[in-house]
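Here the structure is a predicted model, which is why all the values come from computation and not from measurement. One-based numbering along the sequence shown.
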Amino acid sequence: MTSEPRRGGKASVAVVLAVVYVDMLGIGLAYPILPKLIEQFRGGDVSSASYYFGFFAALFSAAQFLCAPAIGVLSDRFGRRWVILPALIGSGLAYLVTAFAPSLAVLAIARVVAGMFGGSFSTAGAYLADITPPEKRAQSFGLIGAAFGFGFITGPALGGLLGEANLHLPFMVAAGLCFADAIFGYFVMPESLAPENRKPFSWRRANPVGALREIGRYTSVMSLMAVYLIATFANRVSEMTWVLWTTYRFHWSSFEIGLSLAMVGVMFVVGQGGLIRVLVPKLGERRAVLLGLGVAVVGMVAYAFVTQGWMVYPLMVFGMFGWTTAQPAVQGLMSRAVPANEQGLLQGAVSSLMNLTSIAGPPIWTGLFGFFVSDKAPVVFSGAAFLAAAIAFGVAFVIALRWLTVPHPELHETAPAG
């Protein structure tokens, strides 16, 4: 007979959210600074630096894609605490190496290591699943999204500010935050996974293909996995083309683009940190998923045909009810179908899918944008990528509708209030 997992207090939740924040902060810090650091190594050659920056970004995402399942499976075997804390230390060391890298080769290795340990994002999700009642997991995953969004807001701003003083300083600060988070977690974060709920480590489960195959035993999860993959891929369109699109369509300055990106982060924090905590209890996870995907379709179509720059901001507010709402609800539903000793496996598989979209998304979405603003296009249409994303969200909506209209009593979903 399994006992209830050990519960963490507010301090434990704070540490877990700090892990997610530091992961995103590191990416955000690197976003405005890493190209300039690479440019120094390339003797000021901007074209060559752009190529290397894209290569390093792919290395980071590929490392996360490959390692997230292994980190999740390790957390199912040894517990969340003794995976999260070493991962924080490893991330800190990777940032220090990035700061003092003597060559591009060492810099590349540092980015790979940072990506590997960045897979602790998945264990943070498993930790919250351990300490949260099933009916409140969607809200907990929303908090993770809020921490992610807060890192998206502050990371580039802090990186740009510190980078003005010294290009190496942002990475040193990121390292310090990782070490501080690890020390804080060591003293205040208890283990969340009870010994009787742990599962032996298996290499078969510790890779993306094997993890998905193992999760495939839970038929309730696989359709939701497909929804998550397609919707996350569709949602990458803004991340990949925003600067290109707003510059081409509205002739926005760097300041205007930065302001809009900050607004995106604010909406993400409000949506997943607050709105989801109201909508899920009112609607239930099923309706929240369908509402979110339906709004995402409409929102992407609107972006495709928007004519004035100011119209983007109301669409951002509208977008809070889109994938921002549906994502934690989907994750909450998936977590219900998997036992306590495989939450790490699930979150590792989900993290790998997310990173797979980071690898495949850039060339597809930027390629679509580039083609439809070129002379080769049958018609010049800068919103083509957003329209394609709307179609992808529509496919995800259809899959979700078919799955959600069938009862799944094993999930014990949250019923709508009233």
**Student:** Is there side-chain contact between Tyr186 and Leu88, with at least one heavy-atom pair below 4.5 Å?
**Tutor:** no
**Student:** Who passes side-chain contact (heavy atoms from CB on, under 4.5 Å) against Ala396, sequence neighbours left out?
**Tutor:** Val227, Ile230, Ala231, Leu293
**Student:** If you compare all heavy atoms of Arg80 against all heavy atoms of Tyr127, which two are closest, and at what distance to 0.1 Å?
**Tutor:** CB-CD1, 3.6 Å
**Student:** I'd like to know if the side chain of Ser382 and the backbone of Phe369 have a donor-acceptor N/O pair within less than 3.5 Å.
**Tutor:** no
**Student:** Starting at CZ of Phe65, measure out to CG of Leu353 and round the result to the nearest 0.5 Å.
**Tutor:** 7.5 Å
**Student:** Check for a donor-acceptor pair, side chain of Arg81 on one end and backbone N or O of Leu193 on the other, with a separation under 3.5 Å.
**Tutor:** no
**Student:** Begin from the C-alpha positions of Val338 and Leu345 and carry the test side chain to side chain contact (heavy atoms under 4.5 Å, CB included) through to its verdict.
**Tutor:** CA-CA 9 Å; Val338 176; Leu345 172 69; over 6 Å; no
**Student:** Working note: Leu404 + Leu333, criterion side chain to side chain contact (heavy atoms under 4.5 Å, CB included); need CA distance, chi angles, decisive distance, verdict.
**Tutor:** CA-CA 10 Å; Leu404 293 167; Leu333 286 171; 4.0 Å; yes
**Student:** We want to know whether Ser260 and Trp252 form a side-chain donor-acceptor pair, criterion being a heavy-atom distance below 3.5 angstrom.
**Tutor:** no
**Student:** So does Ser253 get a backbone contact from the side chain of Glu256, meaning a donor-acceptor N/O pair under 3.5 Å?
**Tutor:** yes
**Student:** Would one find more than 12 heavy atoms of other residues, nucleotides or ligands at under 6.0 Å from atom CZ of Phe321?
**Tutor:** no
**Student:** Taking Ser335's backbone N and O only, do any of them form a donor-acceptor pair with Gln343's side chain (distance below 3.5 Å, no angle check)?
**Tutor:** yes
**Student:** Not counting sequence neighbours, which residues clear salt bridge (Lys or Arg N to Asp or Glu O under 4.0 Å) with Arg236? List them please.
**Tutor:** Glu239
**Student:** Show the nearest heavy-atom pair for residues Ala108 and Leu59, with the distance to one decimal.
**Tutor:** CB-CD1, 4.1 Å
**Student:** So does Met263 have more than 12 non-hydrogen atoms from other groups sitting under 6.0 Å from CE?
**Tutor:** yes
**Student:** Answer yes or no: does atom CZ of Phe371 have more than 12 heavy-atom neighbours from other residues, nucleotides or ligands under 6.0 Å?
**Tutor:** yes
**Student:** Evaluate Phe56 against Thr98 for side chain to side chain contact (heavy atoms under 4.5 Å, CB included), listing each step before the verdict.
**Tutor:** CA-CA 12 Å; Phe56 284 2; Thr98 301; over 6 Å; no
**Student:** Hey, could you give me the CD1/CD distance between Ile84 and Glu191, rounded to the nearest 0.5 Å?
**Tutor:** 8.0 Å
**Student:** My understanding is that only residues two or more places apart in sequence, or in another chain, count here; which of them pass ring pair (Phe, Tyr, Trp, His ring centres under 6.0 Å) with Phe381?
**Tutor:** Phe305
**Student:** Ile215 and Ala349: which non-hydrogen atoms are nearest, and at how many Å?
**Tutor:** CG1-CB, 4.3 Å
**Student:** Yes or no on side chain to side chain contact (heavy atoms under 4.5 Å, CB included) for Phe250 and Val312, after CA distance, side-chain angles and deciding distance?
**Tutor:** CA-CA 10 Å; Phe250 308 119; Val312 167; 3.9 Å; yes
**Student:** Checking the side chain of Trp365 only, and the main-chain atoms of Phe233 only, is there a donor and an acceptor separated by less than 3.5 Å?
**Tutor:** yes
**Student:** Angle class for the Trp323/Phe393 ring planes (parallel below 30°, perpendicular above 60°, tilted otherwise)?
**Tutor:** tilted
